[in-house]
Amino acid sequence: MSMESSLTIESHLQQVKAALLKMPCQHQLAFAAWCSERLFPVYAVLAEVRGTNEGHILRDVLDRLWEHVFGQGLSSEEVDILLSQCDGLEFDTDADIPSDEIARSLSKAGHIGLGEQNVAQLQASGMDAVGAVWSSLEACKGDIVNNVTRAAQCLLERTDGLLWDELSPTSGTIPRDTIGAIHKQIGEHPRMLDACRRMDEHLKYLQETKRLSRSDPKLVD
């Protein structure tokens, strides 16, 4: 990621961090879990097209994180076990999986138009999903605001990476001025603006919600 892109994401993450500081720790962790939920579907699709059970593993870890949010606390030892499970969730990028198979899997999962068109993009987005869950688990051990902010960073960087693939030339060396122009486009792109807007709206909702409830669909919406 270039300096221009980093600055764009970093400026929004500073706003995220400021919002997190205004809410209880439980609400901060709920936001990290929400970021992880946004990324999980693509990881599940990646596991499906690979024919592995890693999607179920990450789902179980994320569900346990939600249980922690709702009061069934994680011990430090259990967090370490879950982190070790996440550590094994990696995929190669060289498998020859047809794009139409990826599209069918995305459609079946109810996530048409997420942006991923090939295995490399799925793999990158899948790793962002693991990274968000990893940071969320680290937040359970301490340094909550910074770790939760890293989970939010995974979500924004996924959007940034997909837009970079879409807007940048597919071959040849990219001139520096072109790189700057592309990142300006990314920062102003409706999908990036929408990602930031949804993040801000969820932070606002958490700030206004005094008590978190399992029955509240907005916590994962």
Side-chain angles (χ1 to χ4, degrees), residues 13 16-17 20-21 23-95 105 109 111 114 116 119-158 161 199 202-203 206 209 211-221:
L13 290 176
V16 169
K17 186 176 292 188
L20 290 170
L21 289 169
M23 62 179 70
C25 295
Q26 182 190 30
H27 290 56
Q28 295 170 9
L29 292 172
F31 179 71
W34 177 84
C35 291
S36 300
E37 289 285 358
R38 306 277 67 73
L39 290 161
F40 173 77
V42 175
Y43 190 90
V45 168
L46 178 59
E48 179 179 333
V49 297
R50 290 284 190 176
T52 70
N53 71 335
E54 274 86 349
H56 297 292
I57 294 173
L58 191 62
R59 180 69 262 170
D60 288 344
V61 174
L62 185 49
D63 287 344
R64 184 64 185 93
L65 177 63
W66 278 115
E67 290 176 357
H68 178 74
V69 169
F70 294 122
Q72 297 182 23
L74 282 163
S75 67
S76 180
E77 292 77 11
E78 189 176 357
V79 170
D80 288 339
I81 291 171
L82 295 176
L83 285 170
S84 68
Q85 292 179 9
C86 288
D87 197 37
L89 300 178
E90 296 182 359
F91 292 97
D92 297 326
T93 59
D94 57 353
S105 296
H111 293 277
L114 284 176
E116 289 80 354
V119 174
Q121 289 174 334
L122 277 174
Q123 197 270 349
S125 296
M127 290 301 98
D128 283 330
V130 176
V133 175
W134 179 284
S135 295
S136 301
L137 289 170
E138 288 285 0
C140 297
K141 298 174 67 175
D143 196 14
I144 297 178
V145 170
N146 285 328
N147 280 309
V148 172
T149 301
R150 291 187 188 101
Q153 182 176 352
C154 290
L155 184 54
L156 292 180
E157 287 186 345
R158 174 199 168 198
M199 193 172 282
H202 198 70
L203 284 165
L206 287 170
T209 302
R211 182 176 179 276
L212 303 181
S213 170
R214 293 176 184 272
S215 61
D216 184 356
K218 290 186 178 180
L219 289 182
V220 295
D221 220 357

Measure the shortest side-chain to side-chain distance between T149 and Q153 over non-hydrogen atoms and say whether it is less than 4.5 angstrom.
no
If you define the side chain from C-beta out and look only at heavy atoms, does anything of L156 sit under 4.5 Å from M199?
yes
Taking all non-hydrogen atoms of both residues, which atom of R64 and which atom of Q72 are closest, and how far apart?
NH1-O, 2.8 Å
Short question: side chain of W134, backbone of L83 - any donor-acceptor pair under 3.5 Å?
no
Non-hydrogen side-chain atoms of L219 and F70 separated by less than 4.5 Å:
yes
To the nearest 0.5 Å, what is the distance between OG1 (T209) and NE2 (H27)?
6.0 Å
Pairwise distance CG(L137) to CD(E78) - rounded to 0.5 angstrom:
9.5 Å
Measure the spacing between SG of C154 and CD of E157 and express it to the nearest 0.5 Å.
6.5 Å
Under 4.5 Å between any side-chain heavy atoms of V133 and Y43, yes or no?
no
Quick test of your reading of the model: are R150 and E138 salt-bridged, counting only N-O distances below 4.0 Å?
no
D221 side, atom CG; W34 side, atom CH2 - distance, nearest 0.5 Å:
9.5 Å
Could you tell me whether a side-chain N or O of S135 sits under 3.5 Å from a main-chain N or O of A132, the two making a donor and an acceptor?
no
Do you know which two heavy atoms are closest between L206 and F31, and how far apart they sit?
CD1-CB, 3.6 Å
Could you give the distance from SG (C25) to CD1 (I144), rounded to the nearest 0.5 Å?
3.5 Å
Indicate the atoms forming the closest heavy-atom contact of V42 with R158, along with that distance.
CG2-NH2, 3.5 Å
With a cut-off of 6.0 Å (strictly less than), are more than 12 heavy atoms of other residues, nucleotides or ligands near NZ of K141?
yes
Pair Q85-L82, side-chain contact (heavy atoms from CB on, under 4.5 Å): steps then yes or no:
CA-CA 5 Å; Q85 292 179 9; L82 295 176; 3.9 Å; yes
If I compare all heavy atoms of V130 with all of C86, which pair ends up nearest, and what's the gap?
CG1-O, 3.7 Å
Contact summary for V145 and K17, nearest pair of heavy atoms
CG1-CG, 3.4 Å
If you measure from the Lys or Arg side-chain nitrogens to the Asp or Glu carboxylate oxygens, is any gap between E54 and R59 under 4.0 Å?
no
Could you report the tightest heavy-atom contact between G142 and N147, atom names first, then the distance?
O-ND2, 3.0 Å
Gap separating the CG atom of L155 from the OG atom of S125, nearest 0.5 angstrom
10.5 Å
Using modelled atom types only, decide if a donor and an acceptor are shared between the side chain of R38 and the backbone of A129 within a distance under 3.5 Å.
no
